[in-house]
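Only one structure is covered here, and it is reproduced in the block below.
It should be emphasised that the depicted structure is a prediction, and the values quoted were computed from it without experimental measurement. All residue numbers refer to positions in the sequence shown, counting from 1.
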Amino acid sequence: MTSGELQLKIKSYDPAANLELVDNAYRFSAEMHDGQKRMSGEDYFTHPVAVAGILADMKLDVPSIVTGLLHDTVEDTLTTSDEISSRFGAEIAALVDGVTKISALESYEREDIQAESLRKMFLASARDIRVLLVKLADRYHNLTTLHHLPEDRRRRIAQETLDLYVPLAHRAGIHWLKNQYEELAFKALDESAHDELREKLEIHKVEREGYIGEIIGLLDKRLREAGIDGEIDGRLKSTYSIFCKMKEQGLQHADIYDVVAFRIIVGAERDCYDTLGVVHMYWRPVPGRFRDYVALPKANMYQSLHTTVIGPYGERMEVQVRTHVMHHVAELGIAAHWKYKARANGEQESLGRFVWLNQLLEWQEHVEDPREFLHNLKEDLFTDEVYVFTPNGETKSFQKGATVVDFAYRIHSDLGGHCAGARVNGKLVPVRYVLQQGDTVEIISTDDQTPSRDWLRFVVTPRARQRIAAWLKHEERTRAVAIGRKILERDLSVYQLDLARLHREGRMAELLREFKKPDEEALLEAIGYGRLTPNRILQHVVEPGKLANTPDKGRRRFGRLFDLISRQRNKTGVTVMGSEETVVRFGKCCLPLPGETISGLLTKGHGVTVHAESCGRMSGADPFRRVDVAWEKGARAARAVKIRVVSRDRPGVLAAMSQAIASAGVNINRASVRSSKDGTATNVFELTLETLEDLNHVIRNLKRIPGVKNADRMRS
């Protein structure tokens, strides 16, 4: 695309646009990228021009399109942010900086760099949503040229797109972009499955087109009879959505019936409900499949009525009803809705429509680990939403599975910490109650109620988890300080010493320097947690001769513990980093297998307890109690492991699963099967396994069985 062609595209929807700025950016980007090539062999400059063209197709403003032209200059050329600012202004420089990845540092791993770059991009997007729009356009063009990359990079980028950019496009409400991401990523990850499904769909294309035409004719007739003027469109669902349904339900292509969707676009909101009435009058609706996103819009501003009905020939069909304005927003999302108003200081300010983005970021400042940030981000992006109401009618959106405690912490941290229950729709419910669509929630709080560690087992929002964990950490630290004080005071008293005397004589300051502690509380905390023994303190404050002639009460008190050390260390197969004298045991909640990523927790009176890193106990654990642990080479440990397999309920599947387990060289200790009315069966097998590889081998065998939908390990 030439500069002139790009300018004509912009002028078609914004006649007053500063096209000179666009031309300057076009020429500058071409100069900076001169001589650079893409993996396809094309000039690199074709990429920023394509991104700018996509942004113009989305009808964005000149600063956004200029950012598209310049978005790789700071990252991939010698251009600096200051140079962008001096040439194109502070606004565009800020946008370019928001899209630019964090420079790779040698000490950082790739996943850490990715997480920090995403964090930076989200923070910039919260200030200016155009950063996100440029990033989405950038990813789209990169996907269209993915076939030129090596397979490992191609698969990694495609999977990252499904994990992050598909839900991002969905949250941003840009429907066409979400569909393109899914199709391109699906083809890159499994080209044979993609092409095979496309071929099968093509076989029935003429038949489907005839069916769609027939339904459109029927709908048009019914609407005209009801006096409703509407545009009707019928389409085949995307290849990727059909593939996902086949995989989730364990079905073949021939078993999928609701592959056709219809959209009716009407003039006014009132017509939406009248149209829905017409559809339900002639075709029986499927229970539980109606959604009213007109009265309760999604967080991404999407509005539409959704219903599924039993259409002609007994085939299910999905029908969406919306107005022209709703349709425009549904296709372009925030790109259709974003507007900016100039402040007095010349900065740009969003109209605050993008609540979901702020909700994603409200917890980021408390997450220091980049990988934890990335994990939470993926988890939060993928969750379905539940809309509930406050007593005064204000709407709040939560991820599916949220409880009244999550609701309370959303309102205020103090209210969350003192939550004792709630009235939901006028009825008293406990703190564990899971919010349902349309609930009206009133929190009940009491002064004597405080957060419980048990709450971490059922809350789902990052805000609630972090507030609870912070409170528990503070309480546990307070207890550790008190225990450390009691132990040290008792041992000091043997030598007619106390903490006050150590302060008076200046020896406390010496101890803090020696043990690298910022204050007395930190020193006492280390003693309370068992990281520092009182005997080491005594060695610095008691004369050597007196200490040698006095029984070590600390050693005697923990004598049985130390006697067990040599025997325990040889049996566990786990090494505690930086410690030679530590008793090791395994958390009964997760019983990690050798090969799993593990972490240790200092436990008062019990040494180090080893948990799987994915264990729920670790999410709210005090970071000061964490210790690094690692499996010894060749470690093996017999564990009773439960595996849950969800499958189709049909003859032969159970026998095939038993054979798959036996072929992995594993015996079944016990098994249970529970059938459901929806034609699925939940099978639970208890096996004795010795390593993570044994577990993965069994699960791989099970997932290969036709009719098996999912197989995973159950944690007690």
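- The side-chain tip of R410 points at the ring of F398 from less than 6.0 angstrom away and within 45° of straight on.
- Two residues are said to be in side-chain contact when any heavy atoms from C-beta on lie closer than 4.5 Å; R423 and I444 meet this criterion.
- With sequence neighbours excluded, the residues satisfying side chain to side chain contact (heavy atoms under 4.5 Å, CB included) with R700 are E693, N696, H697, R704.
- Judged purely by atom type and a 3.5 angstrom limit, D406 uses its side chain to pair as donor or acceptor with the backbone of T461.
- For E521 and R485, the salt-bridge test fails: no basic side-chain N is under 4.0 Å from an acidic carboxylate O.
- Across all their heavy atoms, L189 and Q159 have their closest contact at CD1-OE1, 3.5 Å.
- In this structure, CD1 on I443 lies 14.0 Å from NE2 on H412, to the nearest 0.5 angstrom.
- Considering CD1 of I411 and OG of S445, their distance stands at 12.0 Å, rounded to 0.5 Å.
- By the 4.5 Å heavy-atom criterion applied to side chains, I598 and H611 are not counted as neighbours.
- Looking only at distances, a side-chain donor or acceptor of N701 sits under 3.5 Å from a matching main-chain atom of A660.
- Ring centroids of F290 and H306 are separated by 6.0 Å or more, keeping the two rings apart.
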| task | Could you check S304 against Q320 for side-chain contact (heavy atoms from CB on, under 4.5 Å), going step by step and ending with a plain yes or no? | result | CA-CA 6 Å; S304 190; Q320 300 173 0; 3.8 Å; yes

| task | Test side-chain contact (heavy atoms from CB on, under 4.5 Å) on F407 and T390 and set out the steps. | result | CA-CA 9 Å; F407 182 97; T390 64; 3.9 Å; yes

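- Listed by chain and residue number, nothing satisfies the ring-ring contact (aromatic ring centres under 6.0 Å, His included) test with Y409 (two or more places apart in sequence, or in another chain).
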| message | For a side-chain hydrogen bond (donor to acceptor under 3.5 Å, both in side chains) check, start with the C-alpha distance between D649 and S675, then their side-chain angles and the critical distance, and finish with the verdict. | response | CA-CA 7 Å; D649 188 9; S675 298; 3.0 Å; yes

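- D694 and R636 are joined by a salt bridge, as a carboxylate oxygen and a charged side-chain nitrogen come within less than 4.0 angstrom of each other.
- R477 has its side chain out of reach of R479: every pair of non-hydrogen atoms, C-beta onward, lies at least 4.5 Å apart.
- Listed by chain and number, the residues in a salt bridge (charged side-chain N to carboxylate O under 4.0 Å, His left out) with R432 are D454 (sequence neighbours excluded).
- I661 is listed as a side-chain neighbour of L687, based on a closest heavy-atom distance under 4.5 Å.
- Scanning all heavy atoms of the two residues, the minimum distance from V673 to A681 falls at CG1-CB, 4.4 Å.
- In this structure, CZ on R291 lies 9.0 Å from OG1 on T308, to the nearest 0.5 angstrom.
- Interatomic distance, K703 NZ to K709 NZ, rounded to the nearest 0.5 Å: 14.5 Å.
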Can you give the donor-acceptor pairs under 3.5 Å from side chains of residues 638-647 to other protein atoms, not counting sequence neighbours?
residue : atom : partner : partner atom : Å
R639    : NE   : P592    : O            : 3.0
R639    : NH2  : P592    : O            : 3.3
S647    : OG   : N683    : ND2          : 3.2

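- Going from atom CG of L132 over to atom NZ of K135 covers 10.5 Å, rounded to the nearest 0.5 Å.
- Closest non-hydrogen pair, L472 versus P451, comes out as CD2-O, 4.1 Å.
- Closest approach of R463 to S413, counting heavy atoms only: NH2-OG, 3.9 Å.
- Remark: side-chain polar atoms of Q449 are not paired, donor with acceptor, to backbone N or O of H418 under 3.5 angstrom.
- Atom OG1 of residue T597 and atom CD of residue E613 lie 7.0 Å apart, to the nearest 0.5 angstrom.
- Contact of the R322 side chain with the L305 side chain is not registered, since no non-hydrogen atoms from C-beta on lie closer than 4.5 Å.
- The environment of D447 atom CG is sparse: at most 12 non-hydrogen atoms of other residues, nucleotides or ligands sit within 6.0 angstrom.
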| task | Show the numbers, then the answer: is there a side-chain contact (heavy atoms from CB on, under 4.5 Å) between I668 and S658? | result | CA-CA 8 Å; I668 300 173; S658 299; 4.3 Å; yes

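- Annotation: side chain of Y240 is in contact with side chain of L162 (closest heavy-atom distance under 4.5 Å).
- Considering only heavy atoms from C-beta on, V459 comes within 4.5 Å of T403 through its side chain.
- Under the side chain to side chain contact (heavy atoms under 4.5 Å, CB included) criterion, S672 pairs with V684, sequence neighbours left out.
- Checked by atom type and distance alone, the side chain of T161 pairs as donor or acceptor with a backbone atom of I157 at under 3.5 Å.
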| task | Let me see the working for L601 and V608 under side-chain contact (heavy atoms from CB on, under 4.5 Å), right down to the final yes or no. | result | CA-CA 5 Å; L601 278 181; V608 172; over 6 Å; no

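- At least one donor-acceptor pair under 3.5 Å links the side chain of W631 to the backbone N or O of E596.
- Between the side chain of R465 and the backbone N or O of L456 there is at least one donor-acceptor pair closer than 3.5 Å.
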| task | Under the side-chain hydrogen bond (donor to acceptor under 3.5 Å, both in side chains) rule, what do N667 and T688 come out as? Steps first, then yes or no, please. | result | CA-CA 7 Å; N667 290 325; T688 299; over 6 Å; no

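- Side-chain contact between M657 and F685: present, with at least one pair of heavy atoms (C-beta onward) separated by less than 4.5 Å.
- Of all non-hydrogen atoms in A422 and V404, the two that sit nearest each other are CB-CG1, 3.8 Å.
- In this structure a side-chain-to-backbone donor-acceptor pair under 3.5 Å is present from Y181 to L136.
- Taking D439 as the reference, V388, V424, N425, Y433, Q436, V441 meet the side chain to side chain contact (heavy atoms under 4.5 Å, CB included) condition, with sequence neighbours excluded.
- When all heavy atoms of C419 and V405 are compared, the pair lying nearest together is SG-CG2, 4.4 Å.
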